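As a basis for the values below, the full set of heavy atoms in this structure was taken, side chains included, without hydrogen atoms, waters or symmetry mates. Remember, it's a predicted structure, so these values are computed and weren't measured experimentally.
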Amino acid sequence: QEVKRYPVPEDDDPSFGSAQAAITIIEFSDYECPYCRRWHQDTWPQIKEMYGDKVRLIYRDFPLESIHPNATPAAEAANCAGEQDKYWEYNTALFSGQYPYTRAGFETIAQELKLKSGPFGDCLDDRRYQSEVEEDQAYADNTFGGLSTPTFFINGLALVGAQPYEIFSQVIEMELNGEIPQ
């Protein structure tokens with residue numbers, strides 16, 4: 001079977017893990033997507049625990065606005081939290097399902113993470129990350145003709161959907177062992 005690797009750029013999006021990690025997972029995701037939430041709650045913690053510093057995750061925004069109207073504001077809020085070095089904590093809170101995807105919900109998360117409310121609110125009001133979110137979405141649309149969420153690229157290998165840990169582990173192990181052609 002032919003293996004296709006996609007040259008997906010890391011862009012300047014938030015990353016978790018070392019830039020020197022052997023495995024880079026680039027995720028295109030939507031904060032309101034229940035499958036994305038499931039992956040972040042169930043699969044990602046297992047990957048982090050099992051592979052530690054061998055894996056790096058890069059989060060790229062792909063809000064499906066037609067069915068998830070609050071995914072774009074959520075993505076912008078997460079990026080605003082990143083200005084105060086709390087992107088991943090904010091990401092986890094958004095995917096927890098415990099907060100509404102509203103301005104009040106975004107501010108509640110910010111308070112709980114002890115973000116400075118003035119700069120965070122200004123960032124939201126200015127829509128400082130609107131173009132960043134739009135650029136990620138445009139890249140996916142223009143390059144792949146759109147994607148479903150979540151879609152992952154593991155060292156460039158596409159994996160679509162909130163696949164279970166076992167599927168990710170299989171691909172990661174094969175990559176670490178050099179079993180997948182470059």
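Looking only at distances, no side-chain donor or acceptor of N91 sits under 3.5 Å from a matching main-chain atom of Y87. For D30 (side chain) and E32 (main-chain N/O), a donor-acceptor pair under 3.5 Å exists by modelled atom type. A donor-acceptor contact shorter than 3.5 Å is absent between the side chain of T143 and the backbone of A140. No donor-acceptor pair closer than 3.5 Å links the side chain of D61 to the backbone N or O of A75. Between the Q137 side chain and the F62 main chain, no donor and acceptor come within less than 3.5 Å of each other. Looking only at distances, no side-chain donor or acceptor of E65 sits under 3.5 Å from a matching main-chain atom of T72. Within the 3.5 Å criterion, the main-chain N or O of S15 finds a donor-acceptor partner in the side chain of W88. For the pair N79 (side chain) and Y129 (backbone), a donor-acceptor distance under 3.5 Å is absent.
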Under 3.5 Å, which donor-acceptor pairs do the side chains of residues 39-48 form with other protein atoms, sequence neighbours left out?
residue, atom, partner, partner atom, Å
H40, NE2, E27, OE1, 2.9
H40, NE2, E27, OE2, 2.9
Q41, NE2, F95, O, 2.9
Q41, NE2, S96, O, 3.2
T43, OG1, Q163, O, 3.4
Q46, NE2, D42, O, 2.8

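Contact record, E83 with C123: OE2-SG, 3.8 Å, taken as the closest heavy-atom pair. Heavy-atom minimum distance, P150 versus S29: CB-OG, 4.5 Å. A pairwise comparison of heavy atoms in A74 and Y101 identifies CB-CD2, 4.0 Å as the closest pair. Minimum heavy-atom separation, V8 to I26: O-CD1, 3.4 Å. Smallest separation of non-hydrogen atoms from A22 and L176: CB-CD2, 3.7 Å. Listed here is the closest heavy atom pair of A81 and L115: CB-CD1, 3.8 Å.
Between D12 and E132 the shortest side-chain heavy-atom distance falls below 4.5 Å. No side-chain heavy atom of E166 sits under 4.5 Å from any side-chain heavy atom of Q170. Taking 4.5 Å as the limit, every side-chain heavy atom of S169 sits out of range of all side-chain heavy atoms of M50. Side-chain atoms of Q84 and P119, non-hydrogen and from C-beta on, do get closer than 4.5 Å to each other. Residues T102 and N70 form no side-chain contact, since every pair of their non-hydrogen atoms from C-beta on lies 4.5 Å or further apart. Looking only at side-chain heavy atoms (C-beta outward), R5 and I180 come within less than 4.5 Å of each other. Annotation: side chain of E10 is in contact with side chain of R56 (closest heavy-atom distance under 4.5 Å).
Between E134 and R60 there is no salt bridge, since none of the side-chain N atoms of the basic residue sits less than 4.0 Å from a carboxylate O of the acidic one.
Within the structure, side chain to side chain donor-acceptor pair (under 3.5 Å) pairs that include any residue of residues 115-126 comprise R103-D125, D126-R128 (at least two apart or interchain).
Applying the side chain to side chain contact (heavy atoms under 4.5 Å, CB included) rule to A158 yields the partners Y6, F153; only residues at least two apart in sequence or on another chain are considered.
Within 6.0 Å of the CD atom in E49, the count of heavy atoms belonging to other residues, nucleotides or ligands does not exceed 12. Within 6.0 Å of CG in D11 there are more than 12 heavy atoms belonging to other residues, nucleotides or ligands.
Checked against the 6.0 Å centroid threshold, Y59 and Y31 count as a close aromatic pair. Checked against the 6.0 Å centroid threshold, F152 and F168 count as a close aromatic pair.
A single hydrophobic cluster is seen to contain both Y51 and L157, as judged by linkage of ILVMFWY side chains at heavy-atom distances under 4.5 Å, directly or through other members. Connection of F106 to V133 is not established within any shared hydrophobic cluster, with ILVMFWY side chains joined at heavy-atom distances below 4.5 Å, either directly or through further cluster members. In the hydrophobic clustering of ILVMFWY residues, with side-chain heavy atoms under 4.5 Å counting as a link, Y165 and L159 come out together. Both Y99 and L113 belong to a single network of hydrophobic side chains, linked directly or stepwise wherever heavy atoms of I, L, V, M, F, W or Y lie under 4.5 Å apart. V160 and I25 sit in two unconnected hydrophobic clusters of ILVMFWY residues. Membership requires side-chain heavy atoms under 4.5 Å apart, directly or through other members.
Residue N177 holds its CG atom at 12.0 Å from CD1 of I172, rounded to the nearest 0.5 Å. Distance SG/C80 to CG/L124: 4.5 Å, rounded to 0.5 Å. Taking CD of E135 as the start and CG of D13 as the end, the distance is 9.5 Å to the nearest 0.5 Å. Atom CG of L57 is separated from atom CD1 of I23 by 12.5 Å, given to the nearest 0.5 angstrom.
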What do the steps show when you test E89 against K114 for salt bridge (Lys or Arg N to Asp or Glu O under 4.0 Å), and what is the final call? CA-CA 11 Å; E89 294 89 342; K114 299 184 179 9; over 6 Å; no
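Ring geometry for Y139 against F28 counts as parallel: the plane angle stays under 30°, on a 0 to 90° scale with 60° as the upper cut.
When only modelled atom types and interatomic distance are considered, E112 and Y90 share no side-chain donor-acceptor pair under 3.5 Å.
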